[in-house]
Amino acid sequence: KPTEDNPNPTLYRMRIFAPNDVVAKSRFWYFLSKYHKMKKTTGEILAINQIYEKRPEVVKNYGVFVRYDSRSGTHNLYKEFRDTTRVGAINQLYMDMAGRH
């Protein structure tokens with residue numbers, strides 16, 4: 001929020017995959033507090049926009065970096081998915097991770 005000490009505060013932007021706006025806001029504050037020293041009371045969300053594909057009829061390849069915790073520790077993972085939309089590729093990732101891990 002703009003204050004007298006800092007009239008132009010830093011803006012943060014994230015691309016979050018969530019089923020609705022409420023979950024997206026919650027995940028935004030969760031990740032922002034992890035990366036920067038900021039709480040919900042010291043900031044505000046300016047806008048929430050759903051991102052649509054420019055050409056959803058064309059099949060594309062998507063690469064996803066994932067970091068997840070398992071019983072044996074933390075693992076980094078890179079997977080590629082082929083889909084018409086970015087959201088479809090992330091849904092494939094969730095289905096794959098739910099089946100294996």
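- A donor-acceptor pair under 3.5 Å is formed between the side chain of Gln92 and the backbone N or O of Arg82.
- By the 6.0 Å contact criterion, CE on Met95 is open, its count of non-hydrogen atoms from other residues, nucleotides or ligands being 12 or less.
- Put simply, the side chain of Phe81 reaches to within 4.5 Å of the side chain of Leu93, judged on heavy atoms.
- Between Ile48 and Lys25, some side-chain heavy-atom pair lies under the 4.5 Å cut-off.
- Checked by atom type and distance alone, the side chain of Lys79 never pairs as donor or acceptor with a backbone atom of Val64 at under 3.5 Å.
- Nearest heavy atom pair, residue Ala89 against residue Asp83, reads N-OD2, 3.6 Å.
- The shortest side-chain heavy-atom distance between Arg27 and Phe17 does not fall under the 4.5 Å cut-off.
- Ser70 contributes atom OG, which lies 3.0 Å from atom NE2 of His75 (distance to the nearest 0.5 angstrom).
- Here the shortest heavy-atom pairing between Ala24 and Ile16 reads O-CD1, 3.9 Å.
- No side-chain donor-acceptor contact under 3.5 Å links Lys39 to the backbone of Trp29.
- Between Val58 and Thr84 there is no side-chain heavy-atom pair separated by less than 4.5 Å.
- Closest non-hydrogen pair, Tyr62 versus Arg86, comes out as OH-N, 3.5 Å.
- Between Asn76 and Phe65 there is no side-chain heavy-atom pair separated by less than 4.5 Å.
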